[in-house]
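Working notes, structure below.
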2 protein chains.
Amino acid sequence: MSATVARDETGQEVPSARQQAVLDAVLALLVEEGDQLTMDAVARRASCSKETLYKWFGDRDGLLTATVRWQASRVHAGRDAAGVLDAATLRERLLDFAVTWLDVIAGRTSVVLNRIAIAHAGSRKGNLGAIVLANGRLAIGGRVKPVLEAGRAAGLLAYEDGETAFRTFFGLVGRDIQIRLLLGDALDLDAAEIRRDAARAVDQFLALYGQARP
Amino acid sequence: MSATVARDETGQEVPSARQQAVLDAVLALLVEEGDQLTMDAVARRASCSKETLYKWFGDRDGLLTATVRWQASRVHAGRDAAGVLDAATLRERLLDFAVTWLDVIAGRTSVVLNRIAIAHAGSRKGNLGAIVLANGRLAIGGRVKPVLEAGRAAGLLAYEDGETAFRTFFGLVGRDIQIRLLLGDALDLDAAEIRRDAARAVDQFLALYGQARP
DNA sequence: CCAGTACCGTACCGTACGGTACGCAGCGGC
DNA sequence: GCCGCTGCGTACCGTACGGTACGGTACTGG
């Protein structure tokens with residue numbers, strides 16, 4: 001109940017350096033060991049006592065939640081410089097989103113964390129799922145939609161419902177990749193393939209929603 | 001080791017009526033209780049003994065595998081009458097696939113089974129994931145691609161790689177729906193919305209790949 | 001009528017794992 | 001130096017659950 005814990009701009013507690021090390025250990029274990037993560041293993045890996053884990057994170061769910069948040073806090077990078085768009089810039093911005101998104105969902109960490117969250121959503125108390133959703137699908141949506149809006153304002157895109165347009169973009173980019181990875185399909189994408197996929201998705205999106213500037 | 005078990009055309013054993021009842025009990029429990037499925041619960045629900053469960057299915061994994069296969073065997077309906085396509089028929093066939101697919105992935109059973117399979121894929125022995133994949137994504141792919149081929153043969157579609165074209169179709173239909181449901185997002189689609197979504201996806205797909213018959 | 005088989009119900013076992021208790025070392029404050 | 005605090009290491013507890021054993025019942029074939 002100390003009043004000295006740091007908090008970020010949204011009021012979330014930000015873990016101390018030692019706690020971050022513990023959370024990184026959790027991520028490492030998750031990636032290496034598949035998901036049968038035990039508190040003992042975490043304590044051993046992080047060289048801390050189980051009692052400390054329980055003191056800091058409450059229980060196993062708390063540890064998982066903190067881990068997911070911690071990972072999420074790393075992904076939020078990316079600049080969204082605003083301003084009036086031209087066609088080339090719009091394309092480039094969409095391409096950037098697409099590449100970033102594919103990089104994320106194709107990463108081992110994302111796959112494992114999504115698996116955890118999905119399993120969690122299956123057994124009541126589905127806040128983990130909500131967190132992952134908020135920091136994945138919804139976060140990228142929140143960042144892409146303003147770009148689409150700017151594109152429409154500049155006369156480069158035509159659509160009625162921004163949500164629908166974004167979800168189409170999402171579908172064109174992700175296709176079956178995420179579900180296949182979650183289900184254990186090998187399917188490793190290298191950077192070149194990701195760029196190709198992203199470019200194809202952007203081309204298709206612009207073919208559907210783009211229009212020449214009037 | 002009785003030699004009298006029935007087998008289907010692919011050599012899979014097909015469960016007896018009593019066994020089917022057990023598997024249905026598993027499905028019901030899965031849907032009702034989230035996924036913390038215990039052998040005790042199954043035995044109680046199906047009014048059979050645990051010993052029988054182990055005799056029939058080997059172990060818990062075997063029971064899960066049989067359940068997934070059993071559910072998969074139900075979905076394989078759907079006529080694929082071949083022949084030369086005209087534009088309206090092609091559209092209708094694609095629409096039918098899209099509606100069917102959305103119906104499946106939006107169903108409680110599919111969500112729960114996918115969750116099980118994904119959790120399973122996270123902890124070694126990922127055959128459950130492979131089975132779900134084979135009967136979901138891959139099965140529908142196998143059925144859609146011939147239709148696309150027929151459309152191309154009829155000069156109604158233009159594409160180079162059938163796999164890519166199909167995956168685009170898949171992305172346009174599914175978008176973020178499956179991952180959101182798996183993560184516990186409420187998002188309940190009624191039949192009308194599914195039809196709208198499916199129609200939009202087909203329109204978009206034809207906008208990308210369709211061409212007037214020369 | 002008996003033997004064999006199939007299966008239900010239930011008691012039981014072993015263990016893995018979440019969670020707690022306790023001893024001990026390092027360290028800052030008085 | 002002594003005291004309290006934080007946190008490591010480890011031993012420990014309780015329980016849920018996978019898997020097994022066993023007794024009892026119904027049915028079938030001989």
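Proteins come first, then strands; the chains are lettered A, B, ... in the order of their sequence lines, and each starts at number 1. Everything numeric in this text was worked out from a predicted model, so none of it was measured.
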Any pair counted as salt bridge (Lys or Arg N to Asp or Glu O under 4.0 Å), so long as it reaches residues 14-28 of chain B, sequence neighbours left out: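 Counting only pairs at least two positions apart or across chains, the salt bridge (Lys or Arg N to Asp or Glu O under 4.0 Å) contacts touching residues 14-28 of chain B are B:D24-B:R74.
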Pairs involving residues 34-47 of chain A, ordered by first then second residue, that meet salt bridge (Lys or Arg N to Asp or Glu O under 4.0 Å) (sequence neighbours left out):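 Non-adjacent pairs meeting salt bridge (Lys or Arg N to Asp or Glu O under 4.0 Å): A:E32-A:R45, A:D40-A:K50.
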side-chain hydrogen bond (donor to acceptor under 3.5 Å, both in side chains) pairs, two or more places apart, involving residues 98-111 of chain A: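 Counting only pairs at least two positions apart or across chains, the side-chain hydrogen bond (donor to acceptor under 3.5 Å, both in side chains) contacts touching residues 98-111 of chain A are A:S110-A:N114.
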Residue pairs passing the side-chain hydrogen bond (donor to acceptor under 3.5 Å, both in side chains) test where at least one lies in residues 175-190 of chain A, sequence neighbours excluded: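 Output for this query lists A:R175-A:D197, A:D176-A:R180, A:D176-B:R137, A:D176-B:R167, A:R180-A:D185.
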Terminal helix-axis angle for the helix from C:dC1-D:dG30 to C:dC30-D:dG1, with five pairs defining each axis and rounding to 10 degrees: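 Roughly 0°, once rounded to the nearest ten degrees.
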Residue-level proximity of residues 18-31 of chain A to DNA chain D when a heavy atom falls under 4.0 Å: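 Heavy-atom cutoff 4.0 Å gives A:R18.
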Residue-level proximity of residues 43-60 of chain A to DNA chain D when a heavy atom falls under 4.0 Å: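 Result for residues 43-60 of chain A: A:S47, A:C48, A:S49, A:E51, A:T52, A:W56, sorted by number.
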Could you tell me which residues satisfy side-chain contact (heavy atoms from CB on, under 4.5 Å) with [X], sequence neighbours excluded, listed by chain and number?
X: B:K145; value: B:E163, B:F166
X: B:E149; value: B:R152, B:Y159
X: B:A121; value: A:R115

Separation of B:I116 CD1 from B:T67 OG1 (nearest 0.5 Å):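 So the gap between those two atoms works out to 9.0 Å.
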N/O donor-acceptor pair under 3.5 Å between B:T89 side chain and B:L85 backbone: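 No, because the side chain of B:T89 does not come within donor-acceptor range (under 3.5 Å) of the backbone of B:L85.
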Shortest non-hydrogen contact from A:V111 toward A:L182: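 Heavy atoms only, the tightest pair is O-CD2, 3.6 Å.
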Contact interval (first through last nucleotide) of DNA chain C with protein chain A, 4.0 Å heavy-atom: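 With heavy atoms of chain A under 4.0 Å away, the range is C:dC17 to C:dC22.
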A:D61: salt bridge (charged side-chain N to carboxylate O under 4.0 Å, His left out) partners, not counting sequence neighbours: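 Not a single residue meets the salt bridge (charged side-chain N to carboxylate O under 4.0 Å, His left out) criterion with A:D61.
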Sugar-phosphate only, base, or nothing, as touched by A:L37 at under 4.0 Å among non-hydrogen atoms: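 A:L37: backbone/sugar contact only, no base atoms under 4.0 Å.
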Derivation and outcome, side-chain contact (heavy atoms from CB on, under 4.5 Å), residues B:L102 and B:E193: CA-CA 10 Å; B:L102 286 174; B:E193 183 147 4; over 6 Å; no
